[in-house]
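Reviewing the structure listed below.
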Amino acid sequence: MKKKRFIAIILFFIFLTFLEAGIFLEAVWHGWGGFGDISMEYTEEGSTGISFLIFFIPVIVIVIFLVRIVLCIKRINTVKGLLFDCIFALLGVGMGSVVYFIIPDSVPYNPIFLLGRQIASFFIDHFNWMEYPMP
C-alpha cells in the first residue's frame, strides 16, 4: 500500500512540474514577435492574470503541505509519513526538472507540458492579456 502511495505522489508531482513548465514557457514566449517583428506586452490585467497562472500551482502545493502538517499536529498522520511525503514530492519535482533540462527534445511532445502551454495560451488570447506597445 505504501509503495503505491509513494509512486502516486511522485507521478503527481512530475505532472505538476510539467504543467507548471508549460504554463511558464508559454507566458514567457507568447508575445515574442519572432525575428524583426514587434513583440507584444502584457496589459495590467494580463500581468495580474499571468502571475496568478504561474503562482497557482506552487500555492496549491504549499496549501497541501500545510494541511498535511495540521493533520500531523492533530495526530491523525505521523511525522514520519509527512517526511516521506515531502521527500517523494521533491523527488517527483526533481525527476520532472531533470527530464525537462537533460532531455529537452522530448519535452515538446509531452502531453502534460502541451496542456500547460494550451491553458496559458487560452487565457492570454481569450482575455486579451497582451497588446502591442504604444510608440
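In this text, all values refer to a predicted model and were calculated from it rather than measured experimentally. These numbers come from the heavy atoms of this one structure, side chains and all, not from hydrogens, waters or symmetry mates.
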With rounding to the nearest 0.5 Å, note down the distance linking [atom1] in [X] to [atom2] in [Y].
X	Y	atom1	atom2	result
Ile9	Leu90	CD1	CG	11.0 Å
Ile23	Leu16	CD1	CG	9.5 Å
Met130	Ser39	CE	OG	8.0 Å
Phe13	Leu19	CZ	CG	13.0 Å
Ser106	Phe113	OG	CZ	10.0 Å
Ile124	Ile50	CD1	CD1	4.0 Å

What's the shortest heavy-atom distance between [X] and [Y], and which atoms?
X	Y	result
Asn128	Thr43	O-OG1, 4.0 Å
Ser121	His30	OG-CE1, 3.5 Å
Leu114	Pro108	CD2-O, 3.3 Å

Is atom [atom1] of [X] surrounded by more than 12 heavy atoms (other residues, nucleotides or ligands) closer than 6.0 Å?
X	atom1	result
Phe12	CZ	no
Met95	CE	no
Tyr100	OH	yes
Ile38	CD1	no

Open item on the list: Go through it in stages, so that I can follow the logic: the residues are Leu83 and Val79, the test is side-chain contact (heavy atoms from CB on, under 4.5 Å), and I'd like the CA-CA distance, side-chain angles, deciding distance and then a yes or no.
Closed with: CA-CA 6 Å; Leu83 290 176; Val79 175; 4.2 Å; yes
Below 4.5 Å, heavy atoms only, C-beta onward: do [X] and [Y] meet side chain to side chain?
X	Y	value
Val99	Phe18	yes
Ile112	Ile14	no
Arg5	Asp85	yes

Cluster overlap [X] with [Y], hydrophobic side-chain contacts below 4.5 Å:
X	Y	value
Phe15	Phe65	yes
Ile103	Val98	yes
Val28	Phe127	yes
Trp32	Leu25	yes
Ile57	Phe122	yes

- [ ] Any ring-ring contact (aromatic ring centres under 6.0 Å, His included) involving residues 66-92? Give me the pairs, sequence neighbours left out, ordered by first then second residue.
- [x]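 Matches after skipping sequence neighbours: Phe6-Phe84, Phe6-Phe88.
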Open item on the list: The criterion is ring-ring contact (aromatic ring centres under 6.0 Å, His included); which residues satisfy it with Phe52, sequence neighbours excluded?
Closed with: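 Phe52: ring-ring contact (aromatic ring centres under 6.0 Å, His included) contacts with Phe56.
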Open item on the list: I'd like to know if the side chain of Tyr42 and the backbone of Glu131 have a donor-acceptor N/O pair within less than 3.5 Å.
Closed with: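 Checked: no pair found.
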Open item on the list: For a side-chain contact (heavy atoms from CB on, under 4.5 Å) check, start with the C-alpha distance between Glu20 and Ile54, then their side-chain angles and the critical distance, and finish with the verdict.
Closed with: CA-CA 7 Å; Glu20 180 69 22; Ile54 290 174; 3.7 Å; yes
